[in-house]
Each structure stands twice: as C-alpha cells, then as structure tokens.
Amino acid sequence: MKKLISYSVKLSFLFAFFMVMQGCAAKSPVPEANTQNLSKEQQASYETKNPKLSNLVGKNYVKGIVTALNRESSSQTWNYVIEGVDTTNGKLPYVNFNNKTVLANEGDLVHASFDGNKLTQMLVIKEGYFKGGKRQEVVPIPKKSNLGEKTATKRDKAHQILAVPQEESIRLN
C-alpha cells in the first residue's frame, strides 16, 4: 500500500512538471494585420466597412472635404470621414470621428477643430465643393462697376470736373 501511494505521488509530480514545461514552450508570434498588399479599392472598401475612429490628443484642426457621412444605428451617431486638402500649420490630413448631429453634407469643404476626440467647431466653407468626382473650384464673381456703364464724356454730379478757382474774395462785415 505504501508503494502504491509513493508511486502515485511520484507520478503526480512528474505530471505537474510536464504541465509547467508546456506553459514555458516558445510560442510563435501572432501575425499582425497588414493592409499594404491590398489594392486601393479593397483598402477603401475595408475602411468603409470597418471605420477606424481617429485617436486625437490636444487641439487639432482639419481643412478638407467630407468624403463619407454614415448613420450608425447602434449608437445613434453620424460617422464623418474628412480628407484634408490643406495640411499647412499642423492641420491633419485625415480625420474619422462621430457626432450626434449633421453639420455638413458629403462633398462639402469644411474646417473643423477638435479638442481631443471631441468636435468643438465645424465651419462649412463651400457647400458641394466635391461633386461627381471633381472639385468645384471657387470662381470669384466680378463686381459690377459704375464706370463701365456710364460714358466718360457725360458729366453728372458723380463725375463732376471742377476747375481751379480764378479769383477769391473775402468780405468782412
């Protein structure tokens, strides 16, 4: 009986030793997700299906085009994707964030400011700036000038020509 107990104790120690060594075995590293091999179309569709929110810290700004505006029914928020067109002075080239209200539509040129991940202000610079895959350039409207409408020979109160005074007199009472 004593031999049987000692044999079972030795066997349990041996079993525990093998279990500990199994935990120490070298494991192969988990491969990281690599999107470099995907084509641009596949990568774009991957981003729209699984939008990754931007992780912003501090005060940030972006000036760009709203490329995607989607409603997330689970969280009752709107998901914005803004592609930056101006990256001077530390502006961001890309932002993906959520907001509770619709502030701009797809294709609008906007300027947005963030404090951390919270949107503080969004200004619409030009509505419908990016339509049909083409940018709608801002064309300044020429002002109508009054000079072009009137002829140079016509004299009126607006275009009076006054001569230099020939004589001057002062009366004292």
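Given the structure is predicted, the values throughout are model-derived calculations rather than measurements.
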J.: Nearest 0.5 angstrom please: D86 CG to L92 CG, how far?
T.: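 Output value for this atom pair is 11.5 Å.
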J.: Looking only at heavy atoms, what is the nearest atom pair of A104 and V124, with distance?
T.: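 Heavy-atom minimum between the residues: CB-CG2, 4.0 Å.
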J.: With side-chain contact (heavy atoms from CB on, under 4.5 Å) as the criterion, how do F97 and N117 come out once you've worked through the C-alpha distance, each side chain's angles and the decisive distance to 0.1 Å?
T.: CA-CA 8 Å; F97 66 97; N117 283 339; over 6 Å; no
J.: Roughly how far apart are L69 CG and E106 CD, rounded to 0.5 Å?
T.: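 With rounding to 0.5 Å, CG (L69) is 6.0 Å from CD (E106).
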J.: Would you sort out whether M122 and D108 count as a side-chain contact (heavy atoms from CB on, under 4.5 Å), showing the intermediate values?
T.: CA-CA 11 Å; M122 181 183 284; D108 291 350; over 6 Å; no
J.: Could you tell me whether the side chain of T67 and the main chain of V81 form a donor-acceptor pair under 3.5 Å?
T.: yes
J.: Does any N or O in the side chain of N79 come within less than 3.5 Å of the main-chain N or O of N98, such that one atom is a donor and the other an acceptor?
T.: no
J.: Do you know the tightest heavy-atom contact between W78 and K100?
T.: CD1-O, 3.7 Å
J.: Find out if a path of hydrophobic residues (ILVMFWY) with successive side-chain heavy-atom gaps under 4.5 Å connects V57 to F114.
T.: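 Per the 4.5 Å side-chain linkage, V57 and F114 are not co-clustered.
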J.: Would you give the length of the straight line joining atom CD of Q121 to atom CG of D115, rounded to the nearest 0.5 angstrom?
T.: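 The CG atom of D115 is 12.5 Å from CD of Q121, to the nearest 0.5 Å.
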J.: Would V62 and Y94 satisfy side-chain contact (heavy atoms from CB on, under 4.5 Å), going step by step from the backbone distance to the final call?
T.: CA-CA 8 Å; V62 65; Y94 172 84; over 6 Å; no
J.: Could you grab the distance from atom OG1 of T77 to atom CD of E72, nearest 0.5 Å is fine?
T.: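 The distance works out to 4.5 Å.
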J.: L119 versus L103: any side-chain heavy-atom pair under 4.5 Å?
T.: yes
J.: Would a 4.5 Å heavy-atom cut-off, applied to side chains only, mark K63 and I125 as touching?
T.: yes
J.: Same hydrophobic cluster for Y61 and V95, using side-chain heavy-atom links shorter than 4.5 Å among ILVMFWY?
T.: no
J.: Do V110 and Y80 have side chains that approach each other closer than 4.5 Å (heavy atoms only, starting at C-beta)?
T.: no
J.: Rounded to the nearest 0.5 Å, how far apart are CD of E168 and CD1 of I170?
T.: 5.5 Å
